[in-house]
Each structure stands twice: as C-alpha cells, then as structure tokens.
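Within every chain, numbering begins at 1; the chains are lettered A, B, ... in the order of the sequence lines, protein sequences first and strands thereafter. Predicted model, so just to flag it, every value in this text is computed and none were measured.
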2 protein chains.
Amino acid sequence: MVVDQLDDAGIDRLFQALADPTRRDIVRRVTLGEYSVSGLAALYAMSFAAVQKHVAVLERASLVSKEKRGREQIVRGNHEGLQNVRRLLDEYEEIWRQRAARIADILAEEPKNNRRVPQ
Amino acid sequence: MVVDQLDDAGIDRLFQALADPTRRDIVRRVTLGEYSVSGLAALYAMSFAAVQKHVAVLERASLVSKEKRGREQIVRGNHEGLQNVRRLLDEYEEIWRQRAARIADILAEEPKNNRRVPQ
DNA sequence: CTGATCTACAACCATTTGGTTGTAGAATAG
DNA sequence: CTATTCTACAACCAAATGGTTGTAGATCAG
C-alpha cells in the first residue's frame, strides 16, 4: 500500500535488491508465473533459507509480494516496484536531456558585446 | 571502450553502484557539470578517500569516466552506462507486457471442444 | 627549490551481505 | 493421529561494503 514513499532508503533498497543475479531471476520468474518460496528454492543451487532471504530482500524493496495460500507462500511480481525504478531512471535521463539543452544553448549563444572568447 | 559486455557481473556493478545516495548524487552532479575528485569531495561530509572510492565504484560500473587534466582528475557522467541500466529496466517491463498479453489470451480463449474448465 | 594541492593506495575497522545449519510451528497427506 | 511439507527465524561464518587515517607520488604556485 506504500503510496509513493521513495526516500533515499527506499531507492537504496530497490537498486540493492536488483544488484544480485539470483534476485533478478526471481523477479523474472514471478512476473511470468506464480511460485511458492520452495518452488523458487528448487530452481537454484542454494539452500531454501538462502532463497527465502532473497525473497525477503525483494519484498522489502517492494519488487515482489507474498500471499499465504494454505501452507505455501505465493510470491508474485509487483509491477509498481519496477515502475518506480524505471521512473527513477527516467529522471536521470531527464538530467541528461537538460544538459544537452544547456550545451545547445551555449553553442547558439551570440556575443552581444564585443568581448570575445579567447582562442 | 567496453562495447556491450553486460554480463551478470556488469549488471551487478551497475545496480550496486546506484544503491547508494552519495553515488547517485555524484552521478547527477557530474552529468550537469565537470568536477574534479576533490571538487566532489568538498560537497560531502566524508573524507576525500571515501569520495574517491565512490567515484571508483561508479567508474567500474561505467557510470562515470575520469580524465586527467593537469594534477586534477576530471569526472564526467557516462551516458552509455545509464542507458544500459535503462535498457535493462525496459526488458523487465517487456516481461510484464508479455505476461499481460498471455493473460489476455487466456481470457479471450474460446472452448472449441466440449471439455469445459471445471468450476 | 619549496611548499601546497590533488590524487592514489594501503591498512584498518564496523557493519552488511550472502551463504550455511538447525530448530520450531503451521498446514496437508495418509 | 502421525508423518511430511512448507515456512520462519535464529545463530553462525566469510567476504564485501563504506568509512577512517596515513603515506607517497605528481603537478602547480611562488
């Protein structure tokens, strides 16, 4: 339900969560289909507890969500989380756009006074 | 010069590098203007060496590049690096699109034989 | 030349991370 | 009821991370 609390700590958690190949693979998998935690654990050459921790990291970063179903915990992808990362990246691209615009302005600048740029 | 070696380790480095607020701020700054390492260091409440390490992390992730100028080292933003991150995020969005399409297919599915889905 | 500045890097330290094993509770199967 | 499965969590460990101080080499200013 987290509306849009993208403070530094939240952004840290998002990027940190994506900085591991196992976790990125989990994100891909649970986006395309449903997996229980043990179903995911069966896919990787590591212990159940390790996968459980990875899922917990992704959950705290709001990249996936869990829902109890019987004795299983179903993991699903959380599109909002990914969209937030994307939005962040868009902001950086926007900064680049601003920079490009500023450079274009400088190049288009016409010297109104007689002071010339040396060289 | 790294053409497009986006292996797991490279992706790890990209996301890991962005998972720190100081480093994200450095990326913003050096995108908009030029900074020497010590120029950057003056901006943060930490030692020169700490900032130097942050820049090194960003450089290994190809998010910034350094260029020696006199006794200074000028840090600049590397647009390619950011574009790579963005491209990665686009891939995840594409996976979501596929999922949405798949779900739409299932909903649109018409039973051609008489075998009905139970319930 | 001398001193100041900028950088690089090593050594160290506390905390976090990514993994393990083990224990225990809750839900299902037989 | 009993055994199995699925999950949660604690305790532990090695390695990485983010910070520090200190030393030393280059370059610039006077």
Heavy atoms of B:Leu63 and B:Ala17 approach each other most closely as CD1-CB, 3.9 Å
Can you find a side chain N or O atom of B:Ser38 that sits less than 4.0 Å from OP1 or OP2 on C:dT7?
yes
Closer than 4.0 Å, any side-chain N/O of A:Lys66 to the OP1 or OP2 of D:dA8?
yes
Taking only side-chain N and O atoms of B:Gln73, does any of them lie within less than 4.0 angstrom of OP1 or OP2 on C:dC6?
no
Less than 4.0 angstrom between a side-chain N/O of A:Ser47 and OP1 or OP2 of C:dT20, yes or no?
yes
Please check if A:Ile74 and B:Trp96 belong to a single hydrophobic cluster, counting links between Ile, Leu, Val, Met, Phe, Trp and Tyr side chain heavy atoms closer than 4.5 Å.
no
Give me, pair by pair, the N or O atoms of the protein and of nucleotides 28-30 of chain D that are less than 3.5 Å apart, along with how far apart they are.
none

Verify same cluster id: B:Val57, A:Tyr92 (apolar side-chain graph, 4.5 Å):
no
Measuring from atom CG of B:Asp90 to atom CZ of B:Arg97, what distance do you get when rounded to the nearest 0.5 angstrom?
11.5 Å
Heavy-atom closest pair (A:Arg24 atom, B:Asp8 atom, distance to 0.1 Å) is NH2-O, 3.5 Å
B:Ala45 meets the side-chain contact (heavy atoms from CB on, under 4.5 Å) criterion, sequence neighbours left out, with none
Checking A:Arg23 now: which residues fulfil salt bridge (charged side-chain N to carboxylate O under 4.0 Å, His left out) with it, not counting sequence neighbours?
none
Proximity to DNA chain D (any heavy atom under 4.0 Å), residues of residues 51-59 of chain B only:
B:Lys53, B:His54
Return yes if some donor-acceptor pair links the side-chain N/O of A:Asn78 with the main-chain N/O of A:Ser62 below 3.5 Å, else return no.
yes
Between A:Met46 and B:Gly39, who's closer to the 5' end of DNA chain C by nearest nucleotide?
B:Gly39
Between C1' of D:dT20 and OH of B:Tyr44, the distance in whole Å
19 Å
Measure from CD1 on A:Ile74 to P on D:dA8 and round the result to the nearest Å.
11 Å
Taking every non-hydrogen atom, the tightest pair across B:Gln73 and B:Lys68
OE1-N, 3.0 Å
Would you jot down, in residue-number order, the residues of residues 19-37 of chain B having a non-hydrogen atom under 4.0 Å from DNA chain C?
B:Ser36, B:Val37
Protein-nucleotide distance (A:Asp12, atom CG; C:dT16, atom C1'), rounded to Å
13 Å
Search all heavy atoms of B:Ala61 against all heavy atoms of B:Arg13 and return the closest pair with its distance.
CB-O, 3.5 Å
To the nearest Å, give me how far apart CG (A:Leu40) and P (D:dC6) are.
13 Å
Value in whole Å for how far the C1' atom of C:dT17 lies from CG of A:Leu18:
16 Å
Go nucleotide by nucleotide along DNA chain D from the 5' end; which of B:Phe48 and B:Arg60 gets its closest nucleotide reached first?
B:Arg60
Under 3.5 Å donor-acceptor pairs involving side-chain atoms of residues 31-43 of chain B, not counting sequence neighbours:
from, atom 1, to, atom 2, distance (Å)
B:Thr31, OG1, B:Val27, O, 2.7
B:Glu34, OE1, B:Arg69, NH1, 3.4
B:Glu34, OE1, B:Arg69, NH2, 3.2
B:Glu34, OE2, B:Arg76, NE, 3.2
B:Glu34, OE2, B:Arg76, NH2, 2.9
B:Ser36, OG, B:Ser38, OG, 3.3
B:Ser36, OG, B:Gly39, N, 2.9

